[in-house]
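Computation of the quantities below employed the complete heavy-atom set of this structure, encompassing side-chain atoms and omitting hydrogens, waters and symmetry-equivalent molecules. The sequence lines fix the lettering, A, B, ..., with proteins before strands; numbering per chain opens at 1.
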2 protein chains.
Amino acid sequence: MPQEKTNHSNASPYLSELTLDCVILSFHEDCLKVLLLRWKGTQEWSLPGGPIRRNEAVDAAANRILKERTGLDDIFLQQFHVFGEVERYNREGIKYKLKHLIDPDKWYERAVSVGYYALVDHAKAMPTPDPFTEQCAWWDVQQIPALLFDHNRIIQVARKALRTQLSWQPIGYNLLPEKFTLPELQRLYEAILGKGLDPRNFQRKMLSLGILERLAERRRGGAFKSPYLYRFKKEEYELKLKESNLFFS
Amino acid sequence: MPQEKTNHSNASPYLSELTLDCVILSFHEDCLKVLLLRWKGTQEWSLPGGPIRRNEAVDAAANRILKERTGLDDIFLQQFHVFGEVERYNREGIKYKLKHLIDPDKWYERAVSVGYYALVDHAKAMPTPDPFTEQCAWWDVQQIPALLFDHNRIIQVARKALRTQLSWQPIGYNLLPEKFTLPELQRLYEAILGKGLDPRNFQRKMLSLGILERLAERRRGGAFKSPYLYRFKKEEYELKLKESNLFFS
DNA sequence: TATCAATATGTTATTTTGACATAATAAGGA
DNA sequence: TCCTTATTATGTCAAAATAACATATTGATA
């Protein structure tokens, strides 16, 4: 509902008050990784993100950024929180650190940010910097440095939202390669939940969801018993994603 | 992460691209009610909401609007979705319907809206219109008319989010009076979930959460056996609100 | 005091969960 | 070729949670 105001036909093709930040997660070497960008001429890192075009839906902008930073399309991308504190964006320290890239006088007064998280296949993603940055790399979520803006907090909130999602929706479709083993899936769950799980109980629970298909193939190459390969049953998986209500069946 | 742009020191004290909408719910006569506003000189209804001040956090704005429309403070208010489609706000039909209130030339080009829901005590809320509206009233969620903007959809999404919340968090602290009976609580759950529940199973499950305290008092006045009154144990309730992870205990 | 409507309450079978240990296998090295 | 080692696959049992089900009690009213 609007307050009356002037219709300032802004020349910029971007919204000036709203941005988004993407917590893009992958799973590699048994660790959760998050994609970060290093700003040109600095050692300062931040989340991928950016402004929203005036003719672009917010969800579309999130998909665009995911595509630009990883080359990936058609990925499960979840809004999880709006970061709307007044001082989250415009802080003198940041302006100073980035003044060689952005004129401090042209800094946004304030930017509210919509947080998204995405889960992608580590092997398929092609990390790509944006015009302000010169490096795009995966960081172990356990070893993230101090980031620009409130991005450390955004990652914390995303991880909590992801843990919550895990409790009533399946996870893993985009995070794992098409074929994977149950121990791999278990390690993914352990990485997200931050704790170990019993393999027997894990298998029982996972299989009971009815979203996994065991293949005849096994994985070879390790110095150990060959594990079976599994694949998600796409339809059943999507169905579980949509359901979501557990209480009182 | 900003694109470089001009720092247009906007004269308006409000953000021009971001608004919020509040789905304020209460429970009365065994039905879920939602608070709606009727615009001056029209029969058009919409959700409470509005713009965000430039020096105000988004969550603070939601609390302000809740306070302005109901007189209530300190209520559980939950962000549940960002509505960011390009055409959701600026549609010719709406401009025309409201042209006697807002100059169509001064209409926002686009407004992204953050959706919040709140659960309030029907008896304590004082429905109060805002400057654009002349009536503020409770509507049964089953009987909502066609609303302005995308507000019907916003209510649908809010109700779904609420059902999901119900599955892993307690509900009812602000929705019910301080003292209430188990059948009342059950009817609240039934209204939210849209289905009947078995009273014996409901009681067992609710009591097992450890957030209810049975009082010595009973409610008098009905032509039937006096039900016991209960009260939420605030601390345990807040704890349950914070926990939230159910999967693999 | 009889009736009525709503409330309070308990049992059982089924399902789900959590805790727990061992045998099988593939590779690599002796 | 065989032994070692790391990893995977798998089953049982007790406890807890769930779903399904019906009746006795009470307070007001007629």
Side-chain angles (χ1 to χ4, degrees), chain A residues 27 29-31 166-170 172 176-177 179-191 193-231 240 243 245-249, chain B residues 27 29-31 166-170 176-177 179-191 193 195-231 240 243 245-249:
Chain A
F27 183 63
E29 291 169 345
D30 293 353
C31 291
L166 195 59
S167 73
W168 49 275
Q169 285 190 330
L176 293 172
K179 299 173 183 180
F180 52 88
T181 69
L182 273 186
E184 281 163 3
L185 185 62
Q186 180 177 338
R187 285 191 291 266
L188 168 60
Y189 271 67
E190 289 174 339
L193 293 171
K195 67 178 177 189
L197 300 172
D198 180 283
R200 291 156 290 187
N201 294 341
F202 181 80
Q203 172 170 162
R204 176 159 32 98
K205 182 137 184 173
M206 274 299 145
L207 294 181
S208 76
L209 294 177
I211 59 175
L212 289 176
E213 176 182 13
R214 176 151 129 179
L215 306 175
E217 262 177 291
R218 288 158 167 255
R219 165 153 309 156
R220 293 313 191 78
F224 41 78
K225 181 169 181 176
S226 300
Y228 286 101
L229 288 169
Y230 289 79
R231 174 163 61 195
K240 286 278 172 194
E243 288 179 0
N245 270 16
L246 305 176
F247 209 56
F248 293 114
S249 66
Chain B
F27 183 65
E29 290 168 346
D30 293 351
C31 292
L166 195 59
S167 72
W168 50 275
Q169 286 189 331
L176 294 171
K179 299 172 184 181
F180 52 88
T181 70
L182 273 186
E184 281 164 4
L185 185 61
Q186 179 176 341
R187 286 191 289 268
L188 167 60
Y189 271 67
E190 288 174 339
L193 292 172
K195 66 179 177 189
L197 300 171
D198 180 283
R200 290 156 291 187
N201 294 340
F202 181 81
Q203 171 170 164
R204 177 153 33 87
K205 181 139 185 170
M206 273 300 144
L207 294 181
S208 76
L209 294 176
I211 59 176
L212 289 177
E213 175 182 14
R214 177 151 129 179
L215 307 174
E217 263 177 290
R218 289 159 166 254
R219 166 153 307 158
R220 293 314 192 76
F224 44 76
K225 181 170 181 177
S226 300
Y228 286 100
L229 288 170
Y230 288 79
R231 173 163 64 192
K240 287 276 173 198
E243 287 179 3
N245 270 17
L246 304 176
F247 209 56
F248 293 114
S249 64

Response to the item:
Separation of D/dA9 atom C1' from A/Met206 atom CE, nearest Å, is 17 Å
Item to complete: Give a yes or no on whether a salt bridge exists between B/Glu190 and B/Lys195, defined as a side-chain N under 4.0 angstrom from a carboxylate O.
Response: no
Practice prompt. Please tell me which of the listed nucleotides, D/dC21, C/dA8, D/dT18, lies nearest to the side chain of B/Pro227?
Written response: C/dA8
Discussion item. Counting only side-chain heavy atoms from C-beta out, which of C/dT11, C/dA26, D/dA9 sits nearest to A/Lys225?
Written reply: D/dA9
Item to complete: Would you check if A/Ser226 and A/Arg219 make a side-chain contact, meaning some heavy-atom pair closer than 4.5 Å?
Response: no
Practice prompt. Can you tell me the distance, in whole Å, between the CZ atom of B/Phe224 and the C1' atom of C/dA2?
Written response: 19 Å
Worksheet item: Looking for any heavy atom pair under 4.0 Å, which part of the strands does B/Arg219 touch: base, sugar-phosphate only, or nothing?
Response: nothing
Protein-nucleotides 28-30 of chain C N/O pairs closer than 3.5 Å?
none

Discussion item. What is the separation between atom CG on A/Leu197 and atom C1' on C/dT17, rounded to the nearest whole Å?
Written reply: 13 Å
Discussion item. The side chain of B/Arg220 is closest to which nucleotide in this list: D/dA6, D/dG27, C/dA8?
Written reply: D/dG27
Fill in: Atom-pair distance (CG on A/Leu207; P on D/dA9), nearest Å
11 Å
Worksheet item: Is there side-chain contact between A/Leu229 and A/Arg218, with at least one heavy-atom pair below 4.5 Å?
Response: no
Worksheet item: Of the nucleotides C/dA6, C/dT9, D/dA28, which one has an atom closest to the side chain of B/Arg200?
Response: C/dT9
Practice prompt. Look at B/Lys205 and D/dT18 and indicate whether a side-chain polar atom (N or O) is within less than 4.0 Å of OP1 or OP2.
Written response: yes
Worksheet item: Given atom CG of A/Leu182 and atom C1' of D/dT8, what is their separation to the nearest angstrom?
Response: 10 Å
Worksheet item: For A/Thr181, does its backbone N or O pair with a side-chain atom of A/Glu184 as donor and acceptor, under 3.5 Å?
Response: yes
Practice prompt. Enter the distance from A/Phe180:CZ to A/Leu215:CG here, rounded to the nearest 0.5 Å.
Written response: 8.5 Å
Worksheet entry | Separation between CG of A/Leu197 and OH of A/Tyr189, rounded to the nearest 0.5 Å | 10.0 Å
Discussion item. Is A/Gln203 close enough to D/dT10 that one of its side-chain N or O atoms is under 4.0 Å from OP1 or OP2 there?
Written reply: yes
Response to the item:
Regarding the side chain of A/Arg187, the nearest nucleotide among D/dT8, D/dG27, C/dT9 is D/dT8
Response to the item:
A/Arg218 CZ to C/dA24 C1', in whole Å, measures 9 Å
Worksheet item: When the distance from CG of B/Asn201 to P of D/dA16 is rounded to whole Å, what number comes out?
Response: 18 Å
Worksheet item: Rounded to the nearest Å, what distance is computed from the CG atom of residue A/Asp30 to the C1' atom of nucleotide D/dT7?
Response: 12 Å
Worksheet, complete the sentence: So CG of B/Leu207 and CG of B/Leu212: to nearest 0.5 Å the spacing works out to 6.0 Å
Fill in: Approximate separation, where rounding is to 0.5 Å, of A/Asp30 CG and A/Leu188 CG
10.0 Å
Worksheet item: Of all the choices, C/dA27, D/dT8, D/dT12, which nucleotide is nearest to the side chain of A/Arg204 once you look at every atom?
Response: D/dT12
Worksheet item: If each of A/Ser226 and B/Ser226 is mapped to the nucleotide of DNA chain C with the nearest heavy atom, which maps nearer the 5' terminus, i.e. the 5' end?
Response: B/Ser226
